[in-house]
Amino acid sequence: MDPLEKLHQDARVTVRRGGPMNSEGRAVVYWMQRAQRVIDNPALETAVHAANLLKKPVVVFVSVVGDYPNANLRSYTFFAEGIRALAPQLVRRGIGFVLRAWPANDVNRFCDEVNPCLVIGDENPLRKPEHWRQSLSKHLRVPFWTVDADVIVPGKLLLKEQYSARTIRPRISALLDEFLVPVAESRPQVRWRSVKGLHSLSPDSDFLQGLPISRSVGPVGSLRGGTAEGLSLLRRFLRERLPGYAEGRNYPDREHTSRLSPYLHFGHLGPHTIALAVRGAEVPTEDKAAFLEQLIIRRELAVNFCRYNPHYDNLGCAEPWALRTLRQHARDEREHLYTERQLENAETHDPLWNAAQKQMVVSGWMHGYLRMYWAKKILEWTRSPEEAFAIAVRLNDRYELDGRDPNGYAGIAWAIAGKHDRAWGPERPVYGKIRYMSHASTSSKFNSKAYIAMVNSRAG
DNA sequence: ATCGGCTCGCGCAA
DNA sequence: TGCGCGAAGCCGAT
């Protein structure tokens, strides 16, 4: 078989546009969207592999869009830090790097200028990036493949939307031996040489300047973007926080979580890197198992949810039992009603909820256990489940560094719409049979006073 | 401290 | 067709 044929039969690869390679082309283009890294990146490795077979160089293209919904200076800064660190690593491997920002960031135009042999993309189940990929696919006259570098088990192997963790768990577990293996790195055989007239911004320039993005939410001081920063946080997690994770992760007043989600969101770290490091760590099995459940099963359930459910960010995603029960309670009286502004400003009667909201606004990160409580209370304190879903999505996407990510949508869908969950009795006002979380019980499961004090003193 | 009941539907065994 | 069981639930009984 033609070795190129063999390459695209990899389960990670989706052929978006087939046909013969353009042998007159200048290079293999890798349009780097989700997997913004040089290590453990199956999409980049597929591009290198194909380029070596074609005896051509590889050039990576990064587009800085000007209008991503709910993104702002906070998320763009983290993204830009990652991009800056990326460029020298690519150059060291002999791979070209072209960076363009809005309004001159059109990937279609870049491909026209380069005249590629083949274009490689990566995967991300969200609506907007998927639309961009489809639009490029229509535009191109050369083959276009996308490579799923976002998850350990390639998303398309799960075939359909999975009902719950219970149904996805055995399917993923059965494929882990095959897919949870180190991503082999190959050496590009033909170095990229700069091309006259092929415009690129310097990654060291302030390429965020002039973008029409919201500047109302500023960068966070505590976390910096980039693979190196992510790896150093990972090492610290393995050493200091993974031991005791199984028990400690549900205590927002303790430091037992990884905080790696922003690095996963921007692709500065890949799931393989983290999963293999955790699996190999010398800590109790139950701690490793509890973390891998989050990283692999829960995260890939969230990706599967967004990939197969077009309503992933609104109430339309819910199962019939959940819609039925929410509809029956649509007219229930709400004891507290807050506007989006009051919620945003952490002006509710509930000090625990306010502290969680403040932690998110100030630090760009809210503890996972409180994210559930936070979203469920928005359901309780707004006029309708539709409105609650929309507010939770906006606040999450605006303030969390890991916002605009499948994990966030799946979490909100779980809390407000019973997604991946089941009905629970007894029925309550507003919630119906959606699982309820009470203030009394939630705040007694950990030292909530210490948590509130911590947020108020240094905002998480 | 621990347990059962609340309640739904998937996926598999039969 | 029946049965087991599930992301973090709550609450009251023991």
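In what follows, every heavy atom counts, from backbone to side chain, and hydrogens, waters and symmetry copies are set aside. Naming convention: chains lettered A, B, ... in sequence-line order (proteins, then strands); numbering from 1 in each chain.
Note on A/Arg428: only backbone sugar-phosphate atoms sit closer than 4.0 angstrom, heavy atoms only; bases stay farther off. A/Arg371 comes within 4.0 angstrom of nothing in the nucleic acid, heavy atoms only.
As a whole-Å value, the separation of A/Asp421 CG from C/dA7 P is 8 Å. Atom pair A/Arg169:CZ and C/dC5:P shows a separation of 13 Å (rounding to whole Å applied).
By the 4.5 Å heavy-atom criterion applied to side chains, A/His265 and A/Leu401 are not counted as neighbours.
Less than 4.0 Å separates DNA chain B from at least one heavy atom of each of the following residues of residues 307-329 of chain A: A/Trp321, A/Arg324.
Results of the ring-ring contact (aromatic ring centres under 6.0 Å, His included) test with A/Tyr312 over A/Phe389, A/Trp414, A/Tyr409 single out A/Tyr409 as the only residue that passes.
Side-chain proximity of A/Arg422 to the nucleotides B/dG9, C/dC11, B/dT7 is greatest for B/dT7. Each of B/dC8, B/dC6, C/dA7 was ranked by its minimum atom distance to the side chain of A/Arg298; first place goes to C/dA7. The nucleotide whose nearest atom lies closest to any side-chain atom of A/Met437 is, among C/dG9, C/dG4, B/dC12, C/dG9.
When the C1' atom is used for both B/dG11 and C/dA8, the distance is 24 Å, rounded to whole Å. Comparing B/dG9 with C/dG9, their P atoms sit 22 Å apart, to the nearest whole Å.
B/dG5: Watson-Crick or G-U partner is C/dC10, with both key distances under 3.5 Å.
The 12-atom threshold is not exceeded at NZ of A/Lys449, counting heavy atoms of other residues, nucleotides or ligands nearer than 6.0 Å.
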Can you give the donor-acceptor pairs under 3.5 Å from side chains of residues 61-70 of chain A to other protein atoms, not counting sequence neighbours?
residue	atom	partner	partner atom	Å
A/Ser63	OG	A/Asn105	O	3.2
A/Ser63	OG	A/Asn105	ND2	3.1

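The cationic group of A/Arg428 does not satisfy the cation-pi geometry with A/Tyr431, failing either the under 6.0 Å distance to the six-membered ring centre or the 45° limit from the ring axis.
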